[in-house]
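Ligands are counted one by one from 1 in listed order, and the atoms in each one are counted from 1 as well.
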Amino acid sequence: MSNNIIDWAETGGVVTLTIDDPTQSVNTMNAAYLESMDATLARIGGMGEALKGVIIASGKSTFFAGGDLHDLLAAQPDHAVQLTDFVNAVKRQLRAIEKLDVPVVAAINGSALGGGLELALACHRRIVLDGEGVRIGLPEVNLGLLPGGGGVVRTVRLLGLAVALDKVLLPGTAFRPTEALQLGLVDEIVSTPEELVAAARAWIDAAITGIGQQADPVAGIPGGTAYEPAVEALLPGRAAGLRARFRGAPMSAAANILAAAVESTQVDIDTAFDIETRYFVELATGQIAKNIIQGTFFDRQTVNAGASRPQGFPTHTAHRVAVLGAGMMGAGIALSSALAGMEVVLKDLELAHAEKGKAYAERVLVKQVAAGRRAAADAEAILARITPTADVADLSGCDLVIEAVFEDPDLKAKVFGEVVDIVSPDALLCSNTSTLPISALARSVGRSADFIGLHFFSPVERMELVEIIVGERTSDATVAKAFDVVRQLGKTPIVVGDGRGFFTSRVILSRLLEAAAMVGEGIAPMSIEQASQQAGYPVGTLALLDELTLTLPHKIYGQFREEAQRTGAEFAEHPGDRVLESMIDDAKRAGRAAGAGFYEYVEGKRAGLWPGLEEAFGPTRPAEDLQELVDRLLFAEAVDTARCLESGLLRSTADANVGSILGIGFPAWTGGAAQFIDGYPGGRDAFVTRATQFADKFGPWFSPPASLSETQSVAVRA
Ligand code: NAI
C-alpha cells in the first residue's frame, strides 16, 4: 500500500516497525492501521529465514492509544457484523505477530493504554521507558467497554483470572511503569530512549528462535482455569462484589468483562478471542458506552479546548496569587495554586489561621511523599511557594486574587476593598462564593469588568471541576483569563451565567427537593436511597442531603421564591421544600453537622435511617415502581439542565455534561445531564413524553422546555 503508517527499518535481519499515523496526534486502531499492518506482515513474511527479530515502536510521544473513539461512537447495533469483522481482523494480525518464529519486542516509549497495551501484549517482551506521565493499562471499563483486542484473554493467560480481573480489567487502572513491572504487565524498564532501543535489540540478540510456537500457555494459566475448584469458588464472590459496587446501576461493561474473562479460560485461545469479541461488540454498539465516551471523553476535550472561552484573547498566565481566607477552601486553593507553580500569598485575619491553612497543604504533600507519589524535594519546593500572612501589604504584586472568606456579602466586599489597591492594577478578581450573585459582589467591589466567580469544589486539590461564573459586567477578556487560570491549575472549567445557584448547585437542588418530596409522599426512605444508587449516584440522596445540611437547599430555594416574587415570575411550590422545612424547624434535624437528619448519627457516623420519619410524615410504604423513582431523580436534574441550556445560563451541552458528572455526581453511564436526554431509550421524543407525564403527576418543574421539542439536539455539538 502507498500510505503505510508503519515505518520499516531493517538492520541485520531485525526489523523496527515505527507506527506513526500522520492524520492524528496519537496512533489508534483505525482502518489505516489495519491496512498498514496487513502490508507490513506480508513484507515480514516475505523475508523468510533472513528475519531475525521484530521491534514494534511508535513515532508519537505516546506508544499507542487504542481503539478509535470516533469510530466507536458511530457504531450502531446494525453495524455489529462490520465491527465484529474489524475486531477479528485486528486480532488475527496480533495473533500473527505473536506466532512469528522470531522474537518480537514492544519498545514502549510512552503511554500504552487500551489497544496500545493489547498490541504490546501480543509481543513476546514489553520494555517500557519510565518517563514522566507514562501509563500502562486497560482502562476500557471506564468508557463502558472491554479490551476487545485480546486484552481480556491475554491478561488472564498472563496474570491469572484473579489478578487480571481484580487489578487490571475491572478497576481499569492506568499504572506507572514501575507498578506495571511489579504486576507483570511489562518485563523491563529503562530510563532513556536510547536505552529502550538498545534493550530491545539486546533481548532479541539473546532470545531463542521458535518463541512464537510457545505462545499458547493455555494449560498454564496462573492460578488455573475457571474449572479449578479454587478458582470457581471465587467467582460468585466476584459477581456479588460487582453488584455491591454498582448497587443495581447499569454496569454492563464490568459484567461483560467478568463473563469474557471466566469463559476465556475454558476454551482454546482462538475460541477465547471470539468470545471476547462478542462481548465487546455488544458493549460497543450499545448506548451506554456512547454516552460515557461522549460525556467523559469528547465533551471533556471540547470543554478543555476552550469551546466556552471567548476567542481572540492571548493565553494568560498568573504568577502570584492572593488567596483571601485560609479556611477549608482557601487552604485547598493555595495548595492547588502552588502545585501549579504559582507563588501564593495566603491571607487570613490572623497569622495563626493562615499558617493553619499552609499546614493543610503540608499534610497533603507529606502523605504524597510517604506514598511514593512525590519526591521530598519537590514537596518542599511546592510548600515554599506558599507564604502565610495577616498583612495585606504582602499582597502587592499579585496578579490574581481568589477570595474564600465566610459566605457573607458584606465581609466579601470588605476584604476585596482592603486589597484592591494593593494588588496589581489589572489583577483578576475572583470570588469562590457558592451562592452569592457575582454581579452584586462585583458592584460592591468596583472593578466589575475584572470580577468573576471561580466556584471550586471540596476537597479542592482533588476535585477537577471549577465553575466559572460570569457576572453582568464581567468582560470577555476576564472570562478568557479566568479560563486560562483554571487550566493552569490543571482543572476543568465550565462557564456559566450568574443565576441563583449558578449551574451545579441549582441543578442538584432539583434532585434534593425531589427526594425530599418522596419522603412527604410516604415512600419508604430505603426505597429512595435504593433508587438513588440504582440510578448510579454515588450515595443515597437523603444521605447527601444530610451531608450538605438541609438548611442549604432550603435557603437557596427560598432565594428562588423571593426572586420570583420580586420579578413577578411564576413559581410553583415544591412539596420537597415543605419536608425540608419541617425537618429543620419541627424535628430539629438539619443534617449530619447537627447530629441528626434523615439518618441518625452516633459519634458523627451514620447509624441507620431515623425511625421517627413515619411519625413526622405518616406511614411509609416501599415504592411500587422503583424505576419511577430512579427516573424522577434523573429527570429532575436533566429537565433543569435543559432549561439552563435554553436560557443561556449554560453555553454548551459539553459544559452541561462535564459539569454534571464532575460537579454533582450525575451518573457517568448517562454521559451527563444533557447526554441523558439524547441517549434516553427511544430518544429525545421519549424523554419529552416521560417528562410530560411526570409534570402532570408530580409538578410543573418536570415540564420539558420548548427547545427540547423544537430542535434535533440540545445544542450543536462542537
Ligand atoms: P471556612 O469557614 O473554612 O473559611 C473561611 C476563612 O476565612 C476562615 O479561615 C476565616 O478566618 C477567614 N476570614 C474571615 N474573615 C476574613 C478576613 N477579613 N480576611 C481574611 N480571612 C478572613 O469556609 P470555607 O468552607 O473555606 O468557605 C469559604 C468560601 O468558599 C465561602 O464563600 C463558601 O461559600 C465557599 N465555598 C465553600 C465550599 C465548601 O465545600 N465548603 C465549596 C465552594 C465554595
Side-chain angles (χ1 to χ4, degrees), residues 321-337 344-361 364 386-395 398 401-420 422-423 429-438 440-442 444-445 451-469 486 489 491 493-494 496 498 500-509 544-549 551-553 555-556 559 591-593 659 662-665:
V321 52
V323 179
L324 310 179
M328 187 171 92
M329 297 303 289
I333 294 168
L335 171 58
S336 295
S337 309
V344 184
V345 190
L346 181 56
K347 153 94 176 59
D348 209 300
L349 275 179
E350 287 167 31
L351 184 61
H353 283 174
E355 280 170 345
K356 215 170 127 202
K358 180 169 175 174
Y360 172 80
V364 173
I386 305 178
T387 309
T389 187
D391 183 356
V392 282
D394 288 338
L395 305 181
C398 286
V401 179
I402 305 178
E403 168 276 314
V405 299
F406 301 133
E407 188 76 337
D408 168 353
D410 296 334
L411 176 67
K412 288 186 190 281
K414 180 172 159 273
V415 298
F416 271 110
E418 282 165 7
V419 307
V420 81
I422 292 173
V423 298
L429 305 176
C430 312
S431 174
N432 178 46
T433 176
S434 42
T435 55
L436 302 169
I438 288 298
L441 284 179
S444 68
V445 173
F451 198 91
I452 198 158
L454 282 194
H455 181 209
F456 289 84
F457 293 76
S458 173
V460 179
E461 67 281 3
R462 287 218 300 271
M463 294 294 280
E464 186 186 331
L465 187 73
V466 176
E467 217 173 0
I468 297 181
I469 300 118
V486 176
L489 292 173
K491 300 197 180 288
I494 61 165
V496 313
D498 188 20
R500 281 278 167 210
F502 315 133
F503 167 60
T504 52
S505 308
R506 162 185 167 163
V507 165
I508 202 173
L509 177 68
L544 176 65
L545 265 164
D546 275 5
E547 293 296 319
L548 295 172
T549 76
T551 16
L552 184 67
K555 189 171 136 199
I556 299 179
Q559 292 168 346
R592 178 180 165 147
L662 296 181
I664 52 176

J.: Between Ile469 and His455, is there a side-chain heavy-atom distance shorter than 4.5 Å?
T.: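 In contact.
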J.: Looking only at heavy atoms, which two atoms of Leu436 and Glu407 are closest? And how far apart?
T.: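 Answer, listing the atom of Leu436 first, then Glu407: N-OE2, 3.6 Å.
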J.: Of all residues at least two apart in sequence or in a different chain, which pass the ring-ring contact (aromatic ring centres under 6.0 Å, His included) check with Phe416?
T.: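 Phe416 satisfies ring-ring contact (aromatic ring centres under 6.0 Å, His included) with Phe451 once adjacent residues are dropped.
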J.: List, ordered by chain and residue number, the protein residues whose closest non-hydrogen atom lies under 4.0 Å from any atom of ligand 1.
T.: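 Ligand 1 is contacted, at a heavy-atom distance under 4.0 Å, by Gly325, Ala326, Gly327, Met328, Met329, Lys347, Asp348, Leu349, His353, Ala404, Val405, Phe406, Glu407, Leu411, Lys412, Val415, Asn432, Thr433, Ser434, His455, Phe456, Ser458.
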J.: Can you see which heavy atom on Val364 is nearest to which on Glu461, and at what distance?
T.: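 Closest approach of Val364 to Glu461, heavy atoms only: CG2-OE2, 3.9 Å.
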J.: Hey, could you give me the NZ/CG distance between Lys412 and Asn432, rounded to the nearest 0.5 Å?
T.: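 Nearest 0.5 Å value for the NZ-CG distance: 7.0 Å.
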J.: So, for Pro493 and Ile468, which heavy atoms are closest and what is the spacing to 0.1 Å?
T.: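 Heavy-atom minimum between the residues: CB-CD1, 3.7 Å.
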